[in-house]
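Nothing here was measured: the structure is a model prediction, and the numbers come from that model.
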Amino acid sequence: MKLVHISDVHIHDGPILDADPVRNFAACLAHVKSFHGDADRVVITGDLTHKGDAESYRRLRAMIEASGLAGDQAPRLLIGNHDDRETFAAVFPETARDADGFLQWTEETPAGLFVYLDTVTAGSHAGHYCERRRAWLGHVLDGARAAGQAAFLFMHHNPLPVHVANADTIGLVHEREMTALLAAHRDVLRHIFFGHCHYTLSGAVAGIPFSAPRSTNHPCWPDFSGDAFRVGYGVQTPCYNLCFLNERGTVVHAIDFLLEDSVRWLEADESGWVAD
């Protein structure tokens, strides 16, 4: 199965950190359509807008509808800390909600069960996954286990500290409880996809692999100084992740979509390498 994972598009009516989020997201969608039009799913893990306003959601909807990505390829949209749950739901009323009103749901796919999480609490940049949401997720994962399904999680916030002080101050508040829940379902979970941090990440939590792409607009520089009030930007290029999922494993590539025109191609010889 071929999956496109996009995050932190931050649609806004002006530049953010010297970058144009609308132009960059349009370029991202165009690149996905041109080069990966055979993708089985496209998922955007939050911070769909910068201010959570209705006009930005309407613009986002128009951009997606104009992209040609439809049906199974229509982007699955998760909210992030820059989003507003009710304003988003008013513009995208088709998005599923659980019994408690959270924007989270599941979907059967060729690779297994995709589980889309809502880690947002209004007024907080940090991630929240409260007892009610954890109960919902536990029930979903128990069902996947009973059905012999592999499960893949999608969420906005990083599920564990990433050792960057600025990111960790707004990480998942219920990290210990979430880790315990994930560990209890390690046999079912194959991969966790998230965003929020704006830089490329990979690793594992409770033995479960995870990955995150850079923002499509303003990637950040991971800072290990320990200063929670310092944020670096302007060096990294935007990207999305291209993922291949099958029973043998998961492969994740970072696609620097704005650099496509600068790539130089060479023809390899029969050995698979370029002759000197």
Side-chain angles (χ1 to χ4, degrees), residues 2-37 39 41-53 55-69 73-83 88 91-92 116 119-120 125 154-158 162 164 167 170 193-202 210-222 231-243 252-263:
K2 190 175 186 179
L3 163 71
V4 171
H5 176 201
I6 300 168
S7 200
D8 298 275
V9 302
H10 286 265
I11 295 300
H12 187 53
D13 62 0
I16 304 170
L17 299 182
D18 305 322
D20 183 338
V22 173
R23 182 176 61 190
N24 282 351
F25 183 53
C28 176
L29 292 176
H31 193 277
V32 170
K33 184 63 177 176
S34 295
F35 293 91
H36 305 294
R41 294 292 187 282
V42 178
V43 180
I44 306 178
T45 51
D47 281 358
L48 306 170
T49 67
H50 195 54
K51 297 291 186 180
D53 58 292
E55 180 56 34
S56 292
Y57 288 121
R58 286 192 289 267
R59 176 174 251 177
L60 173 69
R61 182 164 200 126
M63 293 177 73
I64 290 172
E65 290 174 352
S67 72
L69 297 170
Q73 293 181 338
R76 276 54 173 166
L77 304 177
L78 282 67
I79 57 171
N81 51 290
H82 279 263
D83 292 306
F88 167 80
V91 179
F92 293 90
Y116 304 110
T119 58
V120 173
H125 283 297
F154 296 82
M155 57 198 297
H156 178 67
H157 291 84
N158 43 303
V162 297
V164 175
I170 55 172
F193 302 91
F194 62 90
H196 190 47
C197 297
H198 285 227
Y199 34 78
T200 301
L201 279 165
S202 61
F210 65 70
S211 60
R214 292 171 235 135
S215 165
T216 59
N217 188 65
H218 48 292
C220 293
W221 185 262
V231 179
Y233 77 100
V235 180
Q236 303 267 30
T237 58
C239 84
Y240 62 84
N241 281 355
L242 183 67
C243 315
V252 179
H253 294 270
I255 307 299
D256 299 321
F257 58 91
L258 293 181
L259 300 181
E260 186 71 39
D261 291 342
S262 66
V263 176

Any side-chain heavy-atom pair from [X] and [Y] closer than 4.5 angstrom?
{"X": "Thr237", "Y": "Arg214", "result": "yes"}
{"X": "Val4", "Y": "Leu242", "result": "yes"}
{"X": "Phe25", "Y": "Met63", "result": "yes"}
{"X": "Arg58", "Y": "Phe92", "result": "no"}
{"X": "Val164", "Y": "Pro222", "result": "yes"}
{"X": "Glu260", "Y": "Phe35", "result": "yes"}
{"X": "Pro75", "Y": "Val43", "result": "no"}
{"X": "Ile64", "Y": "Leu69", "result": "no"}

Ring geometry between His82 and His10 (parallel below 30°, tilted from 30 to 60°, perpendicular above 60°):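 The rings of His10 and His82 stand perpendicular, inter-plane angle above 60°.
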
Full working for side chain to side chain contact (heavy atoms under 4.5 Å, CB included) between Leu201 and Phe194: CA-CA 9 Å; Leu201 279 165; Phe194 62 90; 3.9 Å; yes

Which distance, rounded to the nearest 0.5 Å, do you find between the [atom1] of [X] and the [atom2] of [Y]?
{"X": "His31", "Y": "Thr216", "atom1": "NE2", "atom2": "OG1", "result": "13.5 Å"}
{"X": "Gln73", "Y": "Lys33", "atom1": "CD", "atom2": "NZ", "result": "5.0 Å"}
{"X": "Leu78", "Y": "Leu48", "atom1": "CG", "atom2": "CG", "result": "8.0 Å"}
{"X": "Arg59", "Y": "His12", "atom1": "CZ", "atom2": "NE2", "result": "10.5 Å"}
{"X": "Leu29", "Y": "Ile44", "atom1": "CG", "atom2": "CD1", "result": "6.5 Å"}

For [X] and [Y], which heavy atoms make the closest approach, and how far apart are they?
{"X": "Gly195", "Y": "Thr45", "result": "N-OG1, 3.8 Å"}
{"X": "Cys197", "Y": "Cys220", "result": "O-CB, 4.1 Å"}
{"X": "Cys239", "Y": "Ala254", "result": "SG-CB, 4.2 Å"}
{"X": "His5", "Y": "Pro213", "result": "CE1-CD, 3.3 Å"}

Pair Arg61 + Glu65, salt bridge at N-O below 4.0 Å: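 Yes, charged N to carboxylate O under 4.0 Å.
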
Would you check if the side chain of [X] reaches a backbone N or O of [Y] as a donor-acceptor pair within less than 3.5 Å?
{"X": "Gln236", "Y": "Tyr199", "result": "no"}
{"X": "Asp83", "Y": "Asp47", "result": "yes"}
{"X": "Ser215", "Y": "Asp8", "result": "yes"}

Test side chain to side chain contact (heavy atoms under 4.5 Å, CB included) applied to Ile6 and Val42, step by step: CA-CA 8 Å; Ile6 300 168; Val42 178; 3.9 Å; yes

Proximity of His198 and Tyr233 rings by center, below 6.0 Å: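 Judged by ring-centre distance (under 6.0 Å), His198 and Tyr233 do not meet the cut-off.
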
Within the 6.0 Å centroid threshold, strictly below: Phe193 and Phe210: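 Phe193 vs Phe210: aromatic centres not under 6.0 Å.
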
Side chain to side chain donor-acceptor pair (under 3.5 Å) assessment of His157 paired with Thr119: CA-CA 7 Å; His157 291 84; Thr119 58; 2.7 Å; yes

Steps toward salt bridge (charged side-chain N to carboxylate O under 4.0 Å, His left out) verdict (Asp13, Lys51): CA-CA 10 Å; Asp13 62 0; Lys51 297 291 186 180; over 6 Å; no

Evaluation steps, side chain to side chain donor-acceptor pair (under 3.5 Å), between His196 and Asn81: CA-CA 8 Å; His196 190 47; Asn81 51 290; 3.1 Å; yes

Stepwise side chain to side chain contact (heavy atoms under 4.5 Å, CB included) test for Asn241 and Ile255: CA-CA 6 Å; Asn241 281 355; Ile255 307 299; over 6 Å; no

Short side-chain donor-acceptor distance under 3.5 Å, His50 and Ser56: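 Checked: Ser56/His50 side chains show no N/O donor-acceptor pair below 3.5 Å.
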
Pair Tyr240-Val9, side chain to side chain contact (heavy atoms under 4.5 Å, CB included): steps then yes or no: CA-CA 10 Å; Tyr240 62 84; Val9 302; over 6 Å; no

Within 6.0 Å of CZ in Arg76, more than 12 heavy atoms from elsewhere: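 For Arg76, atom CZ is crowded (more than 12 foreign heavy atoms under 6.0 Å).
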
